[in-house]
Amino acid sequence: MKGKFQKPRGTQDILPLEQKYWFWIEDNFRAVMTAAGFGRIIFPTFEDTALFSRSVGEETDIVAKEMYTFADRGKNSLTLRPEGTAGVARAYIENGMHKEPQPVKLYYFGPMFRYDRPQAGRYREFYQGGAELFGEEDPIVDAQMIAVMIKFYKKLGLKNLVVQINSIGDAKGRPKLEKALVDFLSAHRRQLSAESKRRLAKNPLRVLDSKEKEDQAIADEAGGVLLDNLSKESKTYFTKVLEYLDDMGVKYELNPRLVRGLDYYTHTVFEIIDASTGLALGGGGRYDGLMKILGGPDTPAVGWALGVERTIDCLKKQKVDVPEGPSVDVFVIQLGDEAKKKAIRVIDELDEAGYSVGHALGRDSIKAQLRVADRNQARLAVILGEREVHDKSAIIRDLSDGSQESVADKSLSAAVGRKLKEKKK
Ligand code: AMP
């Protein structure tokens, strides 16, 4: 049935039965990031619009086409965050974290908003888990950041993922790189798509990640031009990143066309691709220039973000056996007025003993209550009827095989504990 309202295009309702995937991802994400020495940061879901246009870049798709920008009642221009790095970098400066011992390592988990064209794996509100490391510029740090991400995916149980990696050089070498690229692309201008012609003038690096068919051959060659024109320092830096990845046992593929959509990247850029679908699960890179753009102290940084919905799709496709989310241990069913009153005490007792307890006290028929128990994926039921009130007892029913036994009130919570333990075996 459709009511008067539907959710906005590109958004989702994530219902209880789907939550086991979310718990699996959030729990593992927190565990892996904490073990790797990252502290969690929560930061606003909206910021000054200029924060994003300055850092992500005016010419990027995100800023040019995809931001949810609005004026608030105070006439400030605000934007729902399309990505996490800009906000975390702003927080780093604003909270004086540059004065703390470096590196500062932060992770986050939360919703991002982009006015993207909704399709499979692409939403307008989607969740990202992300990590940022500030204050260190060393190839081993780039490699380590990639290794942490891979560790997380391994822990989730995902296979068949490929790290694609490239270098786009440092800020110093960027003019030379762009000039070489513009020279090369201009010589083939006639063959380029209209979009690439436009990018050629504004942001030539972005021609490399064009999806247009007619651009493919030239973009492939342009990747080579990029690599050939990296400065000596940038090449050395990149080679070292790759060597460290080898040492860490992280497998990667070079992708000379990988530039990533955002302006703030320098040196290493990378993406994690699900080899079976070709979709990117996440990506990131080094962004040594961002802090200064935001008016902060010159601080090197590297980070990444991964898409939660795409990771869930991948878990489902690979049929990863994800543990059931928190479910109801025991469901208390009552029949008759006196039993209803007794149920209140039994629920309290089981709750205090530490079990998760379900009930539908407002329903009288046993069938209706069992249906709710089933919907809650309850494992046991405690059934209270008139006889149980009279006998000071309760029936414990195993909801998977229907077997049941009667126990005295005083041993009820111990018996529930024993039954649950048996079921776990
Ligand atoms: P990005 O910040 O664009 O590098 O994106 C990092 C990851 O976030 C991507 O690899 C996707 O997994 C995910 N992502 C980006 N945009 C969307 C979107 N519109 N819907 C769902 N996931 C997205």
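All ligand and atom numbering here is 1-based and tracks the order in the structure. Scope of the values below: all heavy atoms of this structure, side chains included, with no hydrogens, waters or symmetry mates.
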Does R54 CZ have over 12 foreign heavy atoms under 6.0 Å away? no
Qualifying residue for side chain to side chain donor-acceptor pair (under 3.5 Å) with E132, from Y107, Y287, W304: Y287
Taking side chain as C-beta onward, heavy atoms only, is D329 less than 4.5 Å from V416? no
Tell me the protein heavy atom at minimum distance from atom 19 (N) of ligand 1, and give that distance in Å. Y123 O, 2.8 Å
Taking salt bridge (charged side-chain N to carboxylate O under 4.0 Å, His left out) as the criterion, tell me which of R260, R199, R114, K202 meets it with D61. R199
Among G10, G121, P82, whose heavy atom sits nearest atom 21 (C) of ligand 1? G121
Could you tell me the residue and atom name of the protein heavy atom closest to atom 6 (C) of ligand 1, and the distance to it rounded to 0.1 Å? Q128 NE2, 3.3 Å
Does R198 form a salt bridge (Lys or Arg N to Asp or Glu O under 4.0 Å) with E195? I'd like the steps, not just the answer. CA-CA 5 Å; R198 211 186 60 81; E195 178 61 16; 3.7 Å; yes
Taking both backbone and side-chain atoms of E83, is any N or O found less than 3.5 Å from an N or O belonging to ligand 1? no
Pairs involving residues 203-233, ordered by first then second residue, that meet ring-ring contact (aromatic ring centres under 6.0 Å, His included) (sequence neighbours left out): none
Would you check, one step at a time, whether the test salt bridge (Lys or Arg N to Asp or Glu O under 4.0 Å) holds for R257 with D209? CA-CA 6 Å; R257 281 182 54 181; D209 66 10; over 6 Å; no
What part of R260, side chain, backbone, both or neither, has a heavy atom within less than 4.0 angstrom of ligand 1? side chain
Region of R114 that comes within reach of ligand 1 [heavy atoms, distance under 4.0 Å]: side chain
Should one rank F126, Y127, W304 by closest heavy-atom distance to atom 17 (C) of ligand 1, which comes out on top? F126
Mind jotting down which residue pairs meet the ring-ring contact (aromatic ring centres under 6.0 Å, His included) criterion with at least one end in residues 119-145? Sequence neighbours excluded, please. W22-Y127, Y92-F134
Just heavy atoms, cut-off under 4.0 Å: does L279 contact ligand 1 by side chain, backbone, both, or neither? neither
Please identify which atoms of ligand 1 are closer than 4.0 Å to at least one heavy atom of G282. 10 (O)
Candidate pair D138 and K240, rule salt bridge (Lys or Arg N to Asp or Glu O under 4.0 Å), full reasoning: CA-CA 9 Å; D138 190 300; K240 283 204 168 151; over 6 Å; no
For atom 13 (C) of ligand 1, grab the closest protein heavy atom and report residue, atom and distance to one decimal in Å. G307 CA, 3.6 Å
Test of understanding: given a 4.0 Å heavy-atom threshold, classify the contact between R124 and ligand 1 as side chain, backbone, both, or neither. neither
Ligand 1 atoms in contact with A280 (distance to a heavy atom under 4.0 Å): 10 (O), 11 (C), 12 (O)
Contact (N/O only, under 3.5 Å) between A305 and ligand 1: no
For K316, look at atom NZ and say whether over 12 heavy atoms of other residues, nucleotides or ligands are found less than 6.0 Å away. yes
Heavy-atom nearest option to atom 9 (C) of ligand 1, drawn from L281, V308, I272, T60: L281
N/O of L306 under 3.5 Å from N/O of ligand 1, yes or no? no
Starting from atom 11 (C) of ligand 1, locate the nearest protein heavy atom and write down its residue, its atom name and how far away it is, to 0.1 Å. R310 NH1, 3.5 Å
Counting neighbours of NZ on K197 that are heavy atoms of other residues, nucleotides or ligands and sit closer than 6.0 Å, is the number greater than 12? yes
Can you find an N or O of R122 that's nearer than 3.5 Å to an N or O of ligand 1? no
